[in-house]
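FYI, the numbering just counts along the sequence from 1. Only this structure's heavy atoms are used, side chains among them; waters, hydrogens and symmetry mates stay out.
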Amino acid sequence: MAFPGTPPRRFTLAGDVVLADPGALPFGVTGGVFAVPRPGYVRLITADPRPPADRDEPVTPAGFRRVVDAALGRHLEIAEFRWLTRFGDGARLAERLRHGRILLAGDAAHVHPPAGAVGVSAAVDDAVNLGWKLALTVHGQAPDGLLETYHTERHAAGTALLRATRAQAALAAREGREDEDLAPVRELLAHLATSEDTAGPLAETVTAVGTRYPAPGSSGHPWDGRMVPDVPPAGEGLLPLPARTGGGVLLVDGEEEPAAAAPWADRVAVARTRPGALPGIGAVLVRPDGHAAWTGTPGDGALREALARWFGPPGPGEFSGARPNAGAAG
């Protein structure tokens, strides 16, 4: 399985430690050390200027203390070391996320600098994107090509993730150096981060919550392909519904008639909102991973096409308790 990308060139030390004097290092960057207070301890992050030849060699308390003191320009009394590690800025993305019956997710699919702390979120996004598609496949209900969309959707998301984290890592690595070639870039990004028109999209990019998947047949609504806001239905909240059912949700305006979804009732729950709660649309088909698969009017024939495209042929289905398809990928 090809795993192309860039090897690590810079390394960073991170440690969860207990300070002898909790007030000796405030939150934020002091010298070359970033301190993040946690309950009962503090996480210290600093560049590793001279990593060993074996990058997997364990970080020792003495070595960590030496690097931190050098970065601060003074001695910091550390009473207890709870956890120490070293990480690099390498960035790789598997060429394919599916190889027959083998599927890659999380760190097996992509590694990247930890800028923005989005690694766990990206791994969860992989798992949830794959989970419902794999369930339909195993139970013989998946439409043609559904499992392949795991690769197409999450590989594109991984490409964007690596681009954003590598950019942040590059800016951070150059910050504070005499070479100020990137100073105008930092100033521009700082401006964009505080502008009302661009702050939101920039934040969505660096946190990877702005991912948009293809949504064929939709109305062109801004929600198409994106994670749907937690629009409160008239009864149970939207967030618990996919988690409880393991399937999709057709969220309809309180005045709309969702009869078209009835044949998919074993895989798609129907929930109503208060009238007018869906801006500019009568309904939204929410995938189990929270992304909008379709938006429009419930009586539109495109809804049936979207239900079949994402959840297979109309029922009666056997999503619960079906005998797994022995030939399915798993």
Side-chain angles (χ1 to χ4, degrees), residues 116-133 149-150 153-154 156-158 160-161 164 192-258 260-261 264 267-300 302-303 305-307 309-311:
V118 296
V120 172
S121 297
V124 171
D125 284 344
D126 288 347
V128 181
N129 185 295
L130 174 60
W132 66 278
K133 298 172 181 178
T149 66
Y150 169 66
E153 291 181 348
R154 294 307 300 164
L161 175 70
L192 295 176
T194 55
S195 171
E196 183 177 348
D197 294 333
T198 53
L202 182 61
E204 290 181 349
T205 297
V206 300
T207 57
V209 300
T211 299
R212 183 190 294 271
Y213 300 138
S218 278
S219 64
H221 192 272
W223 289 1
D224 286 351
R226 291 171 56 91
M227 293 189 71
V228 176
D230 188 23
V231 179
E236 186 175 14
L238 173 60
L239 287 176
L241 275 172
R244 179 173 57 80
T245 66
V249 176
L250 179 64
L251 193 61
V252 299
D253 185 279
E255 299 178 345
E256 297 284 352
E257 176 52 53
W264 286 268
R267 284 153 280 171
V268 178
V270 175
R272 292 184 179 275
T273 70
R274 294 186 299 274
L278 301 179
I281 50 175
V284 54
L285 179 60
V286 186
R287 306 184 342 174
D289 57 10
H291 287 256
W294 170 91
T295 57
T297 303
D300 188 346
L303 172 57
E305 295 177 4
L307 286 162
R309 178 181 294 111
W310 295 108
F311 296 98

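- The two residues L303 and A260 have their closest heavy-atom pair at CD2-CB, 4.1 Å.
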Only pairs under 3.5 Å count here: list side-chain donor-acceptor contacts from residues 279-293, not counting sequence neighbours, and write none if there are none.
{"unit_1": "R287", "atom_1": "NE", "unit_2": "D289", "atom_2": "OD1", "d": "3.2"}
{"unit_1": "R287", "atom_1": "NH1", "unit_2": "E153", "atom_2": "OE1", "d": "3.4"}
{"unit_1": "R287", "atom_1": "NH1", "unit_2": "E153", "atom_2": "OE2", "d": "2.8"}
{"unit_1": "R287", "atom_1": "NH2", "unit_2": "E153", "atom_2": "OE1", "d": "2.9"}
{"unit_1": "R287", "atom_1": "NH2", "unit_2": "D289", "atom_2": "OD2", "d": "2.6"}
{"unit_1": "D289", "atom_1": "OD1", "unit_2": "H291", "atom_2": "N", "d": "3.3"}
{"unit_1": "H291", "atom_1": "ND1", "unit_2": "G225", "atom_2": "O", "d": "2.8"}

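- Scanning all heavy atoms of the two residues, the minimum distance from L307 to A261 falls at CD1-CA, 3.8 Å.
- Closest approach of A302 to G217, counting heavy atoms only: CB-O, 3.8 Å.
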- Task: Give the intermediate values and the outcome of side-chain contact (heavy atoms from CB on, under 4.5 Å) for residues T149 and Y213.
- Result: CA-CA 10 Å; T149 66; Y213 300 138; over 6 Å; no
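- Here the shortest heavy-atom pairing between L250 and P258 reads CD2-CB, 4.1 Å.
- For E305, there are no side-chain contact (heavy atoms from CB on, under 4.5 Å) partners, not counting sequence neighbours.
- Here the straight-line distance linking atom CZ of F311 with atom NZ of K133 works out to 10.0 Å at 0.5 Å rounding.
- For D224 (side chain) and H221 (main-chain N/O), a donor-acceptor pair under 3.5 Å exists by modelled atom type.
- Side-chain atoms of D253 do not come within 3.5 Å of backbone N or O of P275 as any donor-acceptor pair.
- Side-chain atoms of M227 and T211, non-hydrogen and from C-beta on, never get closer than 4.5 Å to each other.
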- Message: Does W310 form a side-chain contact (heavy atoms from CB on, under 4.5 Å) with W264? I'd like the steps, not just the answer.
- Response: CA-CA 11 Å; W310 295 108; W264 286 268; over 6 Å; no
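- A donor-acceptor pair under 3.5 Å is formed between the side chain of S218 and the backbone N or O of T295.
- Between P201 and T198 the shortest heavy-atom distance is CD-O, 3.4 Å.
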